[in-house]
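Start at 1 with the first residue, then count along the sequence. No hydrogens, no waters, no symmetry mates; every other heavy atom, side chains included, goes into these values. None of these values were measured; they are calculated from a predicted model.
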Amino acid sequence: MTTGPAADGMPGMLAATAVTGALAELRTRFAGERGGDLATYIPELGRAERHSFGLALVSMDGHLYSVGEARTPFTVQSVSKPFVYALALSLLGLDEVTRWVGAEPSGEAFNAISVERGTGRPANAMVNAGAIVTSALIPDAPGQPAFERIHGCLNRFAGRRLEIDEEVYASEVANGDRNRALAYLIRSAGSLPVDPVAAVDTYFRQCSVRVTAVDLAVMAATLAHGGVNPVTGRRVVGDRVAAQVLAVMATCGMYEGSGEWLLRVGLPAKSGVSGGLIAAGPARFGLASYSPPLDASGTSVRGRAAFAALSERLGLHLMLNPALPGSTVTLIHTGTGGGADGRPDARETAVVAAQGSLDFAAAERVLYALDESTAEGAPAVVLDLERVTGADTVARAMLGQGLVLMARAGRRAALADPGGHLAPQDGPDDRLPRFATREEAVEWCVRRTADEH
């Protein structure tokens, strides 16, 4: 398993247990699923290991959690489409891009002849026809060829340089007649701005970029983070462009199953025939999976099942709590010094304060802050929920589990929770000291630490 802080000691243990544990349970639950077929119409993809199954999640703070074959490389295929669409929107603007590519669900398969009558304009940028046109819209200049722009964009989304799988590219070229036919059909209607051969070659190269589930989770998190890569901290696209891409992913990203997906899973998503699948929780997380066996729509069987179960378990549906105010979590202070008489003082007590409404994403940040307080060496910590306005069932369970783990590890903790958001049945029992104010909780920690000294 992988997480942001170290996973072999107390730092990182709380967040890893809650988030990585949930991913590991899903992997165990669905790893035995034998349904689905490999994408043998691209022969190189037919060589994939059927058993491979990896899951990865990246938070808005850049914390990474992963299990299974999350670092196994595979080609990005159609999961590249939202990111190249983002590049086109950034370079040309929404009005110009929609002159050439629509934004309506096609209700058809990824490789369908999905074009507008009379104009030849593809229905959207997530189907192959629309993706070919989108790639063709990227300006091609002597100093910066179109594919170099695309490759650079994908690199920035992933936060690292991604390689090209030349074997898969060659396999795409040798077996891509349907995509060529789509390009010529669109060109015949006047809706392809470049030569069809060049357009399809760029698209094949784009699909042959090699990634991992971890890369895809970072890329999805970048869209969810308003276009800023949460790992590198660098802006990749503007926040408006990120929102536009997520909107098209929500309505069109899962092809003929997009409506059913949004209804049941409730997250903007995109699948690929190599087994990759991404989903984005706006302002919350990026999620990715890798598992090669596909269903009839070209979506990873295990990935689809895992995302649906995770959304249900953690309450991730986009429409579930659309009006909840944002939450803020801070590690307010820790210290290592003693008082004037050498006795411990309040500076040796860490305080983790939360405010607003707590859900899965906010609870992850609280647990991460508790992990950080341990890394700072403070002998005691206060979890301050005075300014919390509400907490859903998932958040309460995660925080309760975290406090239990801290107690088992011998860490002194106290809770300031005048609103009673974290009840004993949520995890910690009545032995956890509870106070009406942060000051009272800190004073209790100071006294207990002083008594030990």
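Between Arg27 and Glu69 there is a salt bridge, since a side-chain N of the basic residue sits under 4.0 Å from a carboxylate O of the acidic one. A salt bridge is absent between Arg264 and Glu312: the closest approach of a Lys/Arg side-chain nitrogen to an acidic carboxylate oxygen does not fall below 4.0 angstrom.
In this structure the side chain of Ser59 never reaches within 4.5 angstrom of the side chain of Pro230, judged on heavy atoms. Put simply, the side chain of Met249 reaches to within 4.5 Å of the side chain of Leu246, judged on heavy atoms. Residues Phe285 and Val58 fail the side-chain proximity criterion, which asks for heavy atoms closer than 4.5 Å. The closest side-chain heavy-atom distance from Val381 to Val352 is below 4.5 Å. Proximity of Arg156 to Asn229: side-chain heavy atoms (C-beta onward) are nowhere separated by under 4.5 Å. Looking at heavy atoms from C-beta onward, Tyr255 lies in side-chain contact with Ser78 at the 4.5 angstrom threshold. Inter-residue side-chain proximity for Leu94 and Arg240 is flagged as unmet; no heavy-atom pair is nearer than 4.5 Å. Residues Val351 and Val442 are in side-chain contact: their nearest non-hydrogen atoms beyond the backbone lie under 4.5 Å apart.
Using a distance-only test at 3.5 Å, with no hydrogens or angles considered, a donor-acceptor pair links the side chain of Asp392 to the main chain of Val394. In this structure, the side chain of Ser300 engages the main chain of Ser291 through a donor-acceptor pair within 3.5 Å. No donor-acceptor pair under 3.5 Å is formed between the side chain of Lys270 and the backbone N or O of Val79. Using modelled atom types, one side-chain atom of Asp371 and one backbone atom of Leu14 make a donor-acceptor pair closer than 3.5 Å. At distances below 3.5 Å, at least one donor-acceptor pair connects side-chain atoms of His317 with backbone N or O atoms of Met319. Judged by distance alone, with hydrogens and angles left aside, the side-chain atoms of Arg434 form a donor-acceptor pair with the main-chain N or O of Leu422 at under 3.5 Å. Side-chain N or O atoms of Thr75 include none that pairs as donor or acceptor with a backbone N or O of Val209 at under 3.5 Å. Although no hydrogens or angles enter the test, the distance criterion places a donor-acceptor pair under 3.5 Å between the side chain of Thr98 and the main chain of Asp95. Side-chain atoms of Glu386 never come within 3.5 Å of backbone atoms of Asp417 as a donor-acceptor pair (strictly under, hydrogens ignored). Panel note: side chain Thr212, backbone Arg71; no donor-acceptor pair is recorded below 3.5 Å.
Nearest heavy atoms, Pro82 versus Val245: O-CG1, 3.5 Å. Contact detail for Arg304 and Ser297: the closest heavy-atom pair is NH2-OG, 3.6 Å. The two residues Tyr203 and Ala131 make their nearest non-hydrogen contact at CE1-CB, 3.6 Å. Minimum heavy-atom separation, Ala279 to Ala220: O-CB, 3.7 Å. Of all heavy-atom pairs between Thr222 and Phe157, the closest is OG1-O, 3.5 Å. Minimum interatomic distance between Val301 and Asp295 (heavy atoms only, all atoms of both residues): CG2-N, 3.6 Å.
In this structure, Ser80 OG and Leu87 CG are separated by 11.5 Å, a value rounded to the nearest 0.5 Å. Atom-to-atom distance recorded for Leu23:CG and Leu310:CG is 6.5 Å, nearest 0.5 angstrom. Distance check: Lys81 NZ to Asn124 CG gives 8.5 Å after rounding to the nearest 0.5 Å. For the atom pair CG of Asp384 and CG of Leu415, the computed distance is 8.5 Å after rounding to the nearest 0.5 Å. Rounding to the nearest 0.5 Å gives a distance of 12.0 Å between OG1 of Thr134 and CH2 of Trp100. With rounding to the nearest 0.5 Å, the separation of CE in Met13 from CZ in Arg408 is 9.5 Å.
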ask   = Going through the checks in order, is the side chain to side chain contact (heavy atoms under 4.5 Å, CB included) test met by Leu403 and Leu383?
value = CA-CA 9 Å; Leu403 291 170; Leu383 177 56; 4.3 Å; yes
Pair Arg412-Arg448, side chain to side chain contact (heavy atoms under 4.5 Å, CB included): steps then yes or no = CA-CA 9 Å; Arg412 180 172 296 113; Arg448 292 297 299 269; 3.5 Å; yes
ask   = What do the steps show when you test Glu443 against Arg447 for salt bridge (Lys or Arg N to Asp or Glu O under 4.0 Å), and what is the final call?
value = CA-CA 6 Å; Glu443 178 60 27; Arg447 289 201 306 269; 3.7 Å; yes
task = Any chance you could lay out the side chain to side chain contact (heavy atoms under 4.5 Å, CB included) test for Leu154 and Met219, step after step, and finish with the verdict?
result = CA-CA 8 Å; Leu154 296 175; Met219 296 168 79; 3.9 Å; yes
Asp359/Arg284 under salt bridge (Lys or Arg N to Asp or Glu O under 4.0 Å): CA gap, chis, key distance, verdict = CA-CA 10 Å; Asp359 60 1; Arg284 300 168 83 186; 3.2 Å; yes
ask   = Given the rule in the side chain to side chain contact (heavy atoms under 4.5 Å, CB included) test, do Leu26 and Val67 qualify, once you have shown the distances and angles that lead to the verdict?
value = CA-CA 10 Å; Leu26 289 173; Val67 296; over 6 Å; no
inquiry  = Checking Ser274 against Gln77 for the side chain to side chain donor-acceptor pair (under 3.5 Å) test, could you report, in this order, the C-alpha distance in whole Å, the side-chain angles of both residues, the deciding distance, and whether it holds?
reply    = CA-CA 6 Å; Ser274 56; Gln77 297 299 325; 5.4 Å; no
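Ring geometry, Trp444 versus Phe435: the interplanar angle falls from 30° to 60°, so the pair is classed tilted. Note: Phe147 and His151 have parallel aromatic rings, judged against thresholds of 30 and 60 degrees for the angle between ring planes.
Summarising the local packing, CZ of Arg160 is surrounded by more than 12 heavy atoms from other residues, nucleotides or ligands at distances under 6.0 Å. Within a 6.0 Å sphere centred on CZ of Arg210, heavy atoms belonging to other residues, nucleotides or ligands number more than 12. Around atom CD of Glu439, more than 12 heavy atoms belonging to other residues, nucleotides or ligands sit under 6.0 Å away. The environment of Glu104 atom CD is sparse: at most 12 non-hydrogen atoms of other residues, nucleotides or ligands sit within 6.0 angstrom. Dense packing is recorded around CZ of Arg50, with more than 12 heavy atoms of other residues, nucleotides or ligands lying under 6.0 Å away.
Each of Val19, Leu57, Leu314 was evaluated against Glu364; a single residue qualifies, Val19, per the side-chain contact (heavy atoms from CB on, under 4.5 Å) test.
Counting only N and O atoms by type, the side chains of Tyr85 and Gln244 include no donor and acceptor under 3.5 Å apart.
Taking the six-membered ring wherever Trp is involved, the centroid distance between the rings of Tyr290 and Phe74 falls below 6.0 Å.
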